[in-house]
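The block underneath contains the structure these notes are about, expressed in structure tokens.
The analysis underlying the following values was restricted to heavy atoms, covering all of them including side chains, and did not include hydrogens, waters or symmetry mates.
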Amino acid sequence: MLNEIICGIALVIGQFFGDNFEIYNENVKQGFEYPCFFIKFLKSTRKDYLGTRHKRTYHFDIHYFSDKGNTDMYGVLDQLKELLKFITLPNGDVLKGSDIDGEIIDDVLHVNVSFAVMMISDVERTENMNSYQLLVKTEGEEHGNNQKNSG
């Protein structure tokens, strides 16, 4: 799922900004071309719900490196806030971005966004118990009781 979300983010950025911008999701030590984007995965959280359902939330920090200064970054911030509201995954599923915020740190624009996905775990089901035996001991006597469970 993580790789699909990264692809969805790259796709929406690439469609809007075009081929003039490189989009990286791996660290580049040399040959960094400006202007460009870097999609950085921060963390993933999981919240369990009743039954086999759970929610996974993926948190990202998208960096924008500008060759034009702060004014350019202000415009890109506003555009990214709109673009990341919804992304389309390679399989066609659409995810809604949340908690979108941005700031400039050391001449780099950072846009934070989270995507939540509801999942259903594949859990092997076990059969219900058909019968059980209950032994009750009261003041020295034992009483047996066979019960049927209709489950």
message: For Ser44 versus Tyr58, what's the shortest heavy-atom pair and its separation?
response: OG-CE2, 3.6 Å

message: Could you check whether any side-chain heavy atom of Lys68 comes within less than 4.5 Å of a side-chain heavy atom of Pro35, counting everything from C-beta outward?
response: no

query: Say you draw a straight line from CD1 of Ile9 to NZ of Lys40; how long is it, rounded to the nearest 0.5 Å?
result: 14.0 Å

query: Tracing side-chain links under 4.5 Å among I, L, V, M, F, W and Y, which residues wind up in one group with Ile120?
result: none

field: Pairwise side-chain contact, Val111 with Leu109, heavy-atom cut-off 4.5 Å (strictly under)
entry: yes

field: Residue pair Phe60 / Ile6, side-chain heavy-atom distance below 4.5 Å
entry: yes

- prompt: Is any side-chain heavy atom of Lys47 less than 4.5 Å from a side-chain heavy atom of Thr57?
  reply: no

message: Would you compute the distance between atom CE of Met119 and atom CG of Asp48 and round it to the nearest 0.5 angstrom?
response: 12.0 Å

Which side-chain N or O atoms in residues 12-26 pair as donor and acceptor under 3.5 Å with protein atoms at least two apart or in another chain?
none

message: If you compare all heavy atoms of Glu4 against all heavy atoms of Pro90, which two are closest, and at what distance to 0.1 Å?
response: O-CD, 3.5 Å

query: Are side-chain heavy atoms of Val76 and Phe37 found at a separation under 4.5 Å?
result: yes

task: Rounded to the nearest 0.5 Å, what's the gap from NZ on Lys96 to NZ on Lys85? Could you check?
output: 8.0 Å

- request: Answer yes if Val108 and Ile62 sit in the same cluster of Ile, Leu, Val, Met, Phe, Trp and Tyr residues linked by side chain heavy atoms under 4.5 Å apart, and no otherwise.
  value: no

task: Using the rule that two of Ile, Leu, Val, Met, Phe, Trp, Tyr join whenever any of their side-chain heavy atoms come within less than 4.5 Å, decide whether Ile87 and Leu42 are in one cluster.
output: no

message: Membership question, hydrophobic clusters at under 4.5 Å side-chain separation (ILVMFWY): are Leu83 and Phe38 in the same one?
response: no

message: Is the shortest side-chain heavy-atom distance between Tyr64 and Asp72 below 4.5 Å?
response: yes

message: For residues Ile100 and Met73: do they belong to one hydrophobic cluster (side chain heavy atoms under 4.5 Å, members Ile, Leu, Val, Met, Phe, Trp, Tyr)?
response: yes

message: Just by distance, no angles: are the side chains of His110 and Asn112 close enough, under 3.5 Å, to form a donor-acceptor pair?
response: no

message: If hydrophobic clusters are built from ILVMFWY residues whose side chains come within less than 4.5 Å, do Leu95 and Ile39 share one?
response: yes

